[in-house]
Student: 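After the structure tokens below, expect a handful of questions from me.
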Number of protein chains: 2
Amino acid sequence: MAIRPAEQLIHKAAWLYYAHGLRQDQVASQLNISRASVAMYLRKARETGIVNISTSTQLFTDDVLARQLEDALKLDAVWIAPENDYVLDPSTDIAVLAASVFLELVKKGDRIGVAWGRTVYTIADVMSYADLQDVTVVQLCGNLGAPYSYRPDQCTMEIARRLNAKGLNFYAPLVLTTEALADGLRAEPVIREQLADIGNCDLALYSVGTVDTDSHVVKCGALSPGEMGVLREAGAAGVIAGQIIDAAGKALDCSYNRRVISASLSSLRQIEKRLMVVQEDSKFEPLLAALAGGLCTHLVVGASMARRLLDHAEKAS
Amino acid sequence: MAIRPAEQLIHKAAWLYYAHGLRQDQVASQLNISRASVAMYLRKARETGIVNISTSTQLFTDDVLARQLEDALKLDAVWIAPENDYVLDPSTDIAVLAASVFLELVKKGDRIGVAWGRTVYTIADVMSYADLQDVTVVQLCGNLGAPYSYRPDQCTMEIARRLNAKGLNFYAPLVLTTEALADGLRAEPVIREQLADIGNCDLALYSVGTVDTDSHVVKCGALSPGEMGVLREAGAAGVIAGQIIDAAGKALDCSYNRRVISASLSSLRQIEKRLMVVQEDSKFEPLLAALAGGLCTHLVVGASMARRLLDHAEKAS
DNA sequence: CACGGCTCTCGACAAAAGTCAAACTGGCAT
DNA sequence: ATGCCAGTTTGACTTTTGTCGAGAGCCGTG
């Protein structure tokens, strides 16, 4: 297949249509092809990021509530997805907003850390395509051969694909059975280098996990419900990039955390822009923990969660 | 006029349509308005930069010729508008390309210097809208009460308008009758400050002018054809931001230059990204002068000009 | 060299988006 | 209170765009 002429054609069609504002039939006659082909090329152009359509997320930051939250939580920016306003699936709404925000935060040449979870995968799924050749997307934590489709490497690769960026995966299990083995694996050059470089990321994207028995880490088999119960007794408050954090946002001192292959919380905190996205209202406590730990500079949440956070912050002060 | 609810509606419509991918009738029923209104809101959204549609200019840099020119002229990037490829007005084509390139180079928070001329105005005219609130567009040179519509302040304002940016004009004549008056005016705080700040721009946009009798500066009355003839004898090779440069790209030592109120060439050279756009083939010599003077880091030209430049560079070496 | 299997392309139809004049709204001056 | 104006909104119409199945070209294979 002659890929180059095809690419050229797509590009030219997109150029004439979007930049010059010609109609599809005019483009077709310019390029001596049928209008149907032009329509198809244009779809491809949108799908490959040759054409970029983005909507400003202004509206969601302009919100009074968002401003108050920024001040109260000392965050760089907060976006709030309205909930009862128009009748759409609110969690999709949050993901769509998060995807837009994410694309707005990405700059050329950036290195981006991506964790995993249903939320991150949903965001990847609704994210529009872009053409950021010199961007690198790195995986923040080890893999899990989960029955679910949203594995860490898939999240990373999907986002890289959408961005036309380079995806950097590392293939280690998220959690090992012994601490010794985990230490050994972390010392492996391939793994070491990737983990060491995480602090150099410009942007991170993650959500936070719950610590109850239907938590994501439990469903994926990283922890048994029983183990999770024990950890909760020991002060577990949330999950970040596969690691258990306490209510203060510190890594919980426990065997599990020592057996995990993932970006350290301190390296995550080195990342300038940490975009946290929370879809479910049930993640209130975990989110508080993550906020306490300084694991988030940019936040995307739904309206009801935003109100709860603000209430909490006001009571605390 | 209730501007706020209207803005909100435009934003919501744009959000549902572009980010969520709903159809216009679906958006209409969500928002309880007619589909016709939705169509109107969407047009407004595009016109105000709430929605951004941009096409990658990759294709034009990918060109072999562009790469060769980058190397030969030691430029950061070169874009070449194809000419005999599809039958459009080539000079419009260059302007459309330049506008896209310009938008690609602008970052949030940037300060942008804009000169004047037909080329710059044409670019402003075809430039699509964007929503860059914290961008400042500054005028690089004094005004001319020309009969033509592309005055420096208009170029600046139009580009600022398209970008939703702040436009910073300064109202001084481009050229004065005596050097003493020019010195005095340059010493005025309003003018001084603006001129002093030009080196802090992140991006500059200008073209280069010819030095013949139908040059832009002559048509605008800044110079008489006779004066221009004398300057040409004295080594004038081009015009940058209203100033005459010689073949080496240095400001020509002449009374006219001393009477001009404009950004100094050295302050222009302090600007990191200097985007030069040349539409007419007749500007070959002036462009060479500008290149020699290091007044350009990013270049947009047509294919025939590109070939001439490359030929010239190869002969020189 | 004939045969699937493949992708690319086109024409025709259906769906969606754009447009416009007419109706409507709410604020303001008379 | 009334009429007027500027700006919205709408329904009906037209134009433009998206889609889909049929057909054409192309290659490697038997």
Side-chain angles (χ1 to χ4, degrees), chain A residues 1-56 59 85-88 92 96 125-129 161-162, chain B residues 1-56 59 85-88 92 96 125-126 128-129 161-162 164:
Chain A
M1 179 178 67
I3 195 156
R4 212 101 284 276
E7 277 269 297
Q8 286 258 110
L9 261 186
I10 294 177
H11 222 306
K12 279 185 191 172
W15 186 249
L16 291 170
Y17 186 77
Y18 286 107
H20 279 273
L22 300 191
R23 276 188 274 98
Q24 291 190 356
D25 51 358
Q26 297 177 301
V27 175
S29 65
Q30 280 290 335
L31 301 176
N32 281 102
I33 51 179
S34 76
R35 216 200 82 266
S37 297
V38 172
M40 193 209 48
Y41 286 145
L42 292 179
R43 179 158 33 73
K44 281 195 182 168
R46 286 185 299 261
E47 281 170 2
T48 47
I50 288 173
V51 169
N52 238 41
I53 301 184
S54 64
T55 60
S56 155
L59 180 65
D85 213 0
Y86 29 90
V87 205
L88 283 170
T92 307
V96 171
D125 202 48
V126 298
M127 188 175 291
S128 62
Y129 296 83
R161 195 175 70 83
R162 301 268 173 155
Chain B
M1 178 178 64
I3 196 156
R4 210 101 286 274
E7 278 269 297
Q8 287 258 111
L9 261 187
I10 294 178
H11 222 305
K12 280 186 188 170
W15 187 249
L16 292 170
Y17 186 76
Y18 287 106
H20 280 271
L22 300 190
R23 277 188 272 99
Q24 291 191 355
D25 52 356
Q26 296 177 300
V27 174
S29 63
Q30 279 291 336
L31 300 176
N32 280 103
I33 51 178
S34 76
R35 209 192 45 68
S37 296
V38 173
M40 194 209 50
Y41 286 145
L42 292 179
R43 179 160 30 76
K44 280 194 181 171
R46 286 187 298 263
E47 282 171 0
T48 50
I50 288 173
V51 169
N52 239 42
I53 303 183
S54 63
T55 60
S56 154
L59 178 65
D85 215 359
Y86 28 89
V87 205
L88 282 169
T92 307
V96 171
D125 201 48
V126 297
S128 63
Y129 295 82
R161 193 175 74 83
R162 300 270 171 153
N164 259 311

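On a predicted model such as this, the values are computed, not experimentally measured, just so you know. Residue numbers start from 1 in every chain, and the chains themselves are labelled A, B, ... in the order their sequence lines are given, proteins ahead of strands.
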Student: Partners of B/Thr48 by side-chain hydrogen bond (donor to acceptor under 3.5 Å, both in side chains), sequence neighbours excluded?
Tutor: none
Student: Listed by chain and number, what are the side-chain hydrogen bond (donor to acceptor under 3.5 Å, both in side chains) partners of B/Arg23, not counting sequence neighbours?
Tutor: B/Asp25
Student: Can you tell me which stems DNA chain C forms, taking runs of 3 or more consecutive Watson-Crick or G-U pairs with both distances under 3.5 Å?
Tutor: C:1-30 with D:1-30
Student: Which of the following nucleotides, C/dG11, C/dC8, D/dT9, is nearest to the side chain of B/Ser37?
Tutor: D/dT9
Student: Rounded to the nearest angstrom, tell me the gap between atom CD1 in A/Ile33 and atom C1' in C/dG11.
Tutor: 15 Å
Student: If you compare every side-chain N and O of A/Tyr41 against the phosphate oxygens of C/dC8 (OP1, OP2), does one of them come in below 4.0 Å?
Tutor: no
Student: Test of understanding: with side-chain hydrogen bond (donor to acceptor under 3.5 Å, both in side chains), list the residues that count as partners of B/Tyr129, not counting sequence neighbours.
Tutor: none
Student: Could you tell me which residues satisfy side-chain hydrogen bond (donor to acceptor under 3.5 Å, both in side chains) with A/Thr55, sequence neighbours excluded, listed by chain and number?
Tutor: none
Student: Does any part of the side chain of B/Leu31, heavy atoms only, come nearer than 4.5 Å to the side chain of B/Leu16, both counted from C-beta?
Tutor: yes
Student: Can you name the atoms? Protein N/O to nucleotides 13-19 of chain C N/O, anything below 3.5 Å, with the distance.
Tutor:
unit_1	atom_1	unit_2	atom_2	d
C/dA16	OP1	B/Arg23	NE	2.4
C/dA16	OP1	B/Arg23	NH1	3.4
C/dA16	OP1	B/Arg23	NH2	3.4
C/dA17	OP1	B/Tyr17	OH	2.8
C/dA17	OP2	B/Gln24	N	2.9
C/dA17	N7	B/Arg35	NH2	3.4
C/dG18	OP2	B/Gln24	NE2	2.7
C/dG18	N7	B/Arg35	NH2	3.4
C/dG18	O6	B/Arg35	NH2	2.8

Student: Looking at side-chain heavy atoms only, is the closest gap between B/Asn52 and A/Ile53 below 4.5 Å?
Tutor: no
Student: Starting at atom CG of A/Leu31, determine the distance to atom P of C/dT9, rounded to an integer number of angstrom.
Tutor: 11 Å
Student: Are side-chain heavy atoms of B/Ser128 and B/Arg46 found at a separation under 4.5 Å?
Tutor: no
Student: Taking the side chain as everything from C-beta on, heavy atoms only, tell me whether A/Val51 gets closer than 4.5 Å to A/Leu42.
Tutor: no
